[in-house]
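Heads up, the thing below is written out as structure tokens.
The figures here come from the full heavy-atom set of this structure, side chains too, leaving out hydrogens, waters and symmetry mates. Order of appearance sets the numbers: ligands from 1, and atoms from 1 within every ligand.
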Amino acid sequence: MAKLFRAVILGPPGSGKGTISERVASSFGLQHLSSGDFLRENIAAKTEAGVLAKTYIEKGALVPDHVMTRLMLPRLVEMTRHSWLLDGFPRTLAQAEALNSACELDVVISLNIPLETLKDRLRHRWIHPASGRVYNMRFNPPRVQGVDDISGEPLIQHEDDKPEALVARLRHYKDVAKPVIDLYRAKGILHMFSDTETDRIWPYVSSLLSAKIPTDLADAQRATTH
Ligand SMILES: Nc1ncnc2c1ncn2[C@@H]1O[C@H](COP(=O)(O)OP(=O)(O)OP(=O)(O)O)[C@@H](O)[C@H]1O
Ligand SMILES: O=c1ccn([C@@H]2O[C@H](COP(=O)(O)OP(=O)(O)O)[C@@H](O)[C@H]2O)c(=O)[nH]1
């Protein structure tokens, strides 16, 4: 059995984690687990963690570490036999240490995107809540404005993407993310990317992963996901 591949993508809201994660999932057959999408699934399903998490998300605050860790680590145990890419978790040092005690990461991608670009992107971000599919009225608009291409259901904007909630989240993100980035840099697995366009970052991410993911593994996983 080829060695499995474990990666994390870090970045502030609007930095392109979801966009890049989708491309990684389809190009390399990694399973993409987004903490935000998983939280929204739990909120919609009214699980204990979902009900609790909702109270924090509505305030634009982070969900407490012990709630996140208790939610995410069992999900990763279910994914043990897959290579995966984690998006939006870990977000704090405590979460990173909990993850590190559970598994060994191969690559951490960190997106460093200018504040004005983030604000502009999120102002035009529309999401299909049920699937987590992400659109942007400028970058990748839906065929019909406000409607999900696949399901035909309405698109929404996240409350916490609104400019007033966003500024608070971005400021908080920087303080919280720094020790996580420092930890993975010290481990020698951090790869930082900066640009205003994902399309310019993607070739570098793709060649990094092509070099890191054993080809037999990538072929095997592409076979299972298509
Ligand atoms: N790892 C985490 N730790 C704590 N709270 C989290 C975590 N991941 C998500 N959340 C909570 O869920 C909310 C929605 O997460 P989501 O990732 O969809 O949006 P985000 O954090 O604003 O990032 P982005 O907009 O880049 O997707 C966050 O604002 C935060 O309150
Ligand atoms: O080069 C890019 C990459 C992404 N986006 C859009 O910006 C928003 C944020 O992207 P994403 O959700 O992938 O970022 P995340 O919050 O997951 O880091 C979404 O509407 C994307 O469609 C964009 O306009 N240009």
What's the shortest distance from [atom] to any protein heavy atom, and which residue and atom give it?
| atom | result |
| --- | --- |
| atom 24 (P) of ligand 1 | P13 CA, 3.7 Å |
| atom 19 (C) of ligand 2 | V134 CG1, 3.4 Å |
| atom 26 (O) of ligand 1 | K17 NZ, 2.6 Å |
| atom 3 (C) of ligand 2 | T198 OG1, 3.0 Å |
| atom 10 (N) of ligand 1 | L39 CD1, 3.4 Å |
| atom 24 (O) of ligand 2 | F139 CB, 2.9 Å |
| atom 10 (O) of ligand 2 | T19 OG1, 3.7 Å |
| atom 14 (O) of ligand 2 | G16 N, 3.0 Å |
| atom 15 (P) of ligand 2 | K17 N, 3.5 Å |
| atom 8 (N) of ligand 1 | S35 OG, 2.8 Å |
| atom 6 (C) of ligand 2 | N136 ND2, 3.5 Å |
| atom 12 (O) of ligand 2 | R125 NH1, 2.7 Å |
| atom 29 (O) of ligand 1 | D160 OD2, 3.3 Å |
| atom 17 (O) of ligand 1 | R91 NH2, 3.2 Å |
| atom 23 (O) of ligand 1 | R169 NH2, 3.6 Å |
| atom 3 (N) of ligand 1 | Q95 NE2, 2.9 Å |

Does [X] approach ligand 1 within less than 4.0 angstrom via side chain, backbone, both or neither, non-hydrogen atoms only?
| X | value |
| --- | --- |
| R125 | side chain |
| M72 | neither |
| V63 | both |
| P12 | backbone |

For S21, which part has a heavy atom under 4.0 Å from ligand 2: side chain, backbone, both, or neither?
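Neither; nothing of S21 gets under 4.0 Å from ligand 2.
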
Can G18 be said to touch ligand 1, with heavy atoms closer than 4.0 Å?
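G18 does not count as a contact of ligand 1 under the 4.0 Å cut-off.
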
Strictly under 4.0 Å, does any heavy atom of A61 approach an atom of ligand 1?
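Checking ligand 1 against A61, which is what was asked, there is a heavy-atom contact under 4.0 Å.
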
Pairs of nitrogen or oxygen atoms closer than 3.5 Å, one from [X] and one from ligand 2: do any exist?
| X | value |
| --- | --- |
| G18 | yes |
| S15 | yes |
| G14 | yes |
| D87 | no |

May I ask you to list the atoms of ligand 2 that are less than 4.0 angstrom from any heavy atom of P12?
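So the atoms of ligand 2 that pass are 18 (O).
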
Ligand-side contact atoms (ligand 2) for residue partner N140, heavy atom cut-off under 4.0 Å
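Heavy-atom distances to N140 below 4.0 Å select 22 (O).
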
Work out whether the distance between some heavy atom of [X] and some atom of ligand 2 is less than 4.0 Å.
| X | answer |
| --- | --- |
| G11 | no |
| G36 | no |
| E197 | yes |
| Y135 | yes |

Hey, looking at atom 15 (O) of ligand 1, which of P64, S15, G36 has the closest heavy atom?
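Shortest heavy-atom distance from atom 15 (O) of ligand 1: G36.
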
To which of E58, H158, R40 does the heavy atom nearest atom 18 (O) of ligand 1 belong?
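Heavy atom nearest to atom 18 (O) of ligand 1 belongs to R40.
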
Test item: side-chain donor near acceptor, Y135 and D148, under 3.5 Å:
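Yes, a side-chain donor-acceptor pair sits under 3.5 Å.
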
State, without any angle test, whether T117 and D120 hold a side-chain donor-acceptor pair at a distance under 3.5 Å.
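Per modelled atom types, T117 and D120 side chains form no pair under 3.5 Å.
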
Can we say D182 and K178 salt-bridge, meaning some charged N sits less than 4.0 Å from an Asp/Glu carboxylate O?
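A salt bridge is present here (some side-chain N lies under 4.0 Å from a carboxylate O).
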
Does any N or O in the side chain of [X] come within less than 3.5 Å of the main-chain N or O of [Y], such that one atom is a donor and the other an acceptor?
| X | Y | answer |
| --- | --- | --- |
| T47 | I43 | no |
| D87 | S21 | no |
| R6 | E104 | no |
| N42 | A49 | no |

For G14, the ligand 1 atoms whose distance to one of its heavy atoms is below 4.0 Å:
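Heavy-atom distances to G14 below 4.0 Å select 25 (O), 26 (O).
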
Test log, rule side chain to side chain contact (heavy atoms under 4.5 Å, CB included), inputs L71 and V63
CA-CA 11 Å; L71 183 72; V63 172; over 6 Å; no

I57 versus L39: any side-chain heavy-atom pair under 4.5 Å?
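A side-chain contact exists here, since the closest heavy-atom pair is under 4.5 Å.
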
Answer yes or no for K187 and Y184: cation-pi contact, defined as NZ/CZ to six-membered ring centre under 6.0 Å and angle to ring axis within 45°.
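No.
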
Verify the neighbour count for atom CD of Q157: are there more than 12 heavy atoms of other residues, nucleotides or ligands below 6.0 Å?
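Atom CD in Q157 is packed in, count exceeds 12.
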
If every non-hydrogen atom of M192 is compared with every non-hydrogen atom of R185, which pair is closest and at what distance?
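Minimum heavy-atom contact is CE-NH2, 3.8 Å.
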
